[in-house]
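Computed over heavy atoms, backbone and side chain alike; hydrogens, waters and symmetry mates excluded. Each chain gets a letter, A, B and so on, in the order its sequence line appears, and its residues count up from 1. Please read all numbers here as calculations on a predicted model, not as lab measurements.
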Amino acid sequence: MSSTAKAASPAPGPRALPAAARRAEGLRLLLRNPLAAVGGVTVLLLALLALFAPVLAPAPGDAFSAVHPAQQLLPPGPGHPFGTDELGRDLFTRVLYGARISLAAGAVAIAAALAIGVPLGAVAGYAGGFWDELIMRFTDVVLSFPSLLLATAIAAMLGHSLTNAVAAIALSWWPWYTRIVRAQVVSLRERPFVEAARALGVPGWRIVFEHLVPNALAPVIVQASLDFGSVILTLAALSFLGIGAQPPQPEWGLLINTGRNFFLTNWWYVTFPGLAIFLTVAAFNLLGDGLREILDPRTRGRV
Amino acid sequence: MTGVGALQTEAAVLEVRGLKKHFPVRTGLLRRVRGWIAAVDGVDLVIERAGTAHGLAGESGSGKTTFIRTLLGLTPPTAGEVRFWGRDVRGLRGADLQAFRRRVQIVFQDPTGALDPRWTVGRAVAEPLRVHRPDLPEAERRARVAELLEQVGLLPEHARRYPHELSGGQRQRVVIARALALEPKFLVLDEPTSALDVSVQAQILNLLQDLRERLGLTYLLISHDLAVIDFLCERTSVMYRGRIVEEGPVARVLARPAHPYTKALIASLPRMEAGRLPEPQLKAGGTAPAGGCPLAPRCPAAQAVCTREDPPFIDLGGGHRARCHFAGEV
């Protein structure tokens with residue numbers, strides 16, 4: 001269908017764009033914003049590096065518990081672009097595998113936070129009254145703690161592991177999405193198409209999940225992409241504090257924590273994981289800002 | 001058709017008795033209720049016969065929209081009752097409520113807002129089918145959607161379009177197709193043409209007229225435009241400040257309006273030959289006197305009695321009555 005539509009109308013106006021073309025249009029707008037394009041391309045690159053880490057890493061065995069006493073703390077050089085650590089493992093390999101952990105953990109944490117936050121916000125916004133008060137006051141309580149502090153407390157309570165750290169981040173993060181979705185739903189609820197659905201006898205849950213949530217999602221996607229960086233940073237912080245990833249996992253925060261001991265004599269140990277964190281967080285922030293501009297009609301220039 | 005007297009045994013299609021909807025006015029830090037706004041203030045309205053169309057005229061703010069919402073059970077009334085085919089709408093639950101939704105549908109004023117911008121036309125029209133007839137096979141549902149689109153003068157191909165790809169008139173046709181999906185008996189038309197271009201208005205009105213005849217629908221048409229009501233309806237009610245002030249056969253009400261407010265509404269219809277805007281018939285603003293006629297401060301013919309006594313309905317014969325002390329005289 002879309003192919004015939006394209007063939008039939010070589011220069012369609014903005015009202016006649018089919019869905020596929022509108023997505024292409026969105027991509028074009030993203031690439032036109034130079035900072036967002038840099039962010040998007042970097043994120044894509046990081047994802048590819050993480051995906052192909054087993055192929056790209058010079059010494060995949062070093063990602064976890066290999067020990068090479070002869071190669072301890074070598075500076076960057078041929079064979080070891082990022083140098084080696086105190087057990088002689090290749091740091092480039094470990095940082096590369098760290099990207100896998102950070103990206104996967106970030107995605108899981110964000111997805112879990114969305115899975116909790118979005119339905120709660122939608123129900124609060126649509127139901128109003130008692131449920132709205134109950135959900136939003138609880139949300140306020142969770143939000144009143146700084147995210148990192150709350151995540152630290154939860155992670156410490158759950159026990160020290162990567163999985164628990166991810167769970168802790170999700171449990172401290174969902175209220176942001178609840179707030180955004182609720183605000184969207186409260187304004188969408190007054191739109192005539194919601195009233196129309198009610199008059200048609202569409203049950204409340206269908207109105208919420210088929211009409212309200214899809215229409216409320218654009219700002220949530222922006223926030224989630226911006227949060228991706230913060231979540232990775234938080235995970236690194238938790239691992240740095242020793243309550244996240246545990247050795248021998250090559251998590252970036254954990255690498256920095258271990259490298260801290262060799263900071264004055266072996267600069268590369270903390271520098272490269274640090275740069276990896278910086279690059280990833282910056283890339284997601286740029287991408288998120290770009291998405292915000294595209295999805296916001298005021299800055300996009302069209303509906 | 002033969003005249004139907006008040007003694008008929010069959011229940012009227014729609015019977016509204018003393019319907020009131022009041023909204024609290026809350027102010028201050030504690031959100032105390034300081035007063036009430038009577039959006040609908042004791043409305044009586046009867047549609048006796050199936051297949052007829054009844055108009056409800058009134059300016060914006062006269063309570064028309066609140067009246068509809070209460071009528072359809074989208075908001076509970078403060079007092080009074082709404083009966084469709086003799087059954088009280090209030091308290092309908094579960095299967096009864098769904099059956100009511102199938103029989104009574106609404107066409108909204110703003111077709112752009114009434115359609116989810118992310119849904120294709122086909123999905124929008126299929127929505128009532130998916131809710132009310134979930135066991136209908138996918139292929140039959142598609143066929144029914146195509147049939148509905150053709151019924152309102154669209155093409156089956158329009159099912160793949162998004163609302164923003166259609167014109168205002170086409171969107172209103174989609175909204176009508178969706179309302180017809182469950183084969184309702186009664187349609188509430190809430191200003192069905194006021195958001196459309198004048199040239200498109202006539203097309204939609206003709207479609208509605210045509211559908212009424214073909215499907216035997218009963219209409220309640222809400223409009224500020226008496227010309228629209230004149231085109232489609234046999235009888236009409238005129239609403240002012242949440243109350244019916246005049247009702248009767250459309251031809252009679254338009255030819256011999258008995259209430260000053262109806263006269264003002266008729267005079268406000270734009271006319272080509274005048275070459276200028278009509279003179280305003282009512283004074284602006286004014287607070288209605290307690291116990292008096294709500295129109296008194298704006299009425300050009302107000303007398304002393306109007307500020308003292310709320311006028312009762314005066315019967316003018318032929319099913320025409322008006323709520324004015326001087327009905328038939330002024």
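Atom CG of B:Asp116 is separated from atom CZ of A:Arg191 by 8.0 Å, given to the nearest 0.5 angstrom. Between the CD atom of A:Glu195 and the CZ atom of B:Arg69 there is a distance of 4.0 Å, given to the nearest 0.5 Å.
Considering every non-hydrogen atom in both A:Ala196 and B:Ala114, the closest pair reads CB-O, 4.0 Å. Here the closest heavy-atom approach between residue A:Ala199 and residue B:Ile106 is recorded as CB-CG2, 3.6 Å. Of all heavy-atom pairs between B:Arg178 and A:Leu200, the closest is CD-CD1, 3.5 Å. The two residues B:Pro117 and A:Phe193 come nearest to each other via the heavy atoms CD-CE2, 3.8 Å.
Other residues, nucleotides and ligands place more than 12 heavy atoms under 6.0 Å from the CZ atom of B:Arg123. A 6.0 Å sphere centred on CZ of B:Arg93 holds no more than 12 heavy atoms belonging to other residues, nucleotides or ligands. The number of heavy atoms from other shown groups lying within 6.0 Å of CZ (B:Phe23) is above 12. Taking a 6.0 Å sphere around CH2 of A:Trp176, one finds it holds 12 or fewer heavy atoms contributed by other residues, nucleotides or ligands. For A:Arg206, the CZ atom sits in a packed shell: over 12 heavy atoms of surrounding residues, nucleotides or ligands are nearer than 6.0 Å. Within 6.0 Å of atom CH2 in B:Trp36, more than 12 heavy atoms from other residues, nucleotides or ligands are found, so the atom counts as buried in its surroundings.
Residue with the most contacts toward chain A among B:Arg161, B:Glu127, B:Arg102, B:Gln109: B:Glu127 (heavy-atom pairs, distance under 4.5 Å). Each of A:Asn215, A:Leu188, A:Val194 has some count of heavy-atom pairs under 4.5 Å with chain B, and the biggest count is that of A:Asn215.
With B:His132 contributing its side chain and A:Val202 its backbone, the two residues share no donor-acceptor pair below 3.5 Å.
Checked for salt-bridge contact, A:Glu210 and B:Arg118 miss the test: no charged N lies under 4.0 Å from a carboxylate O.
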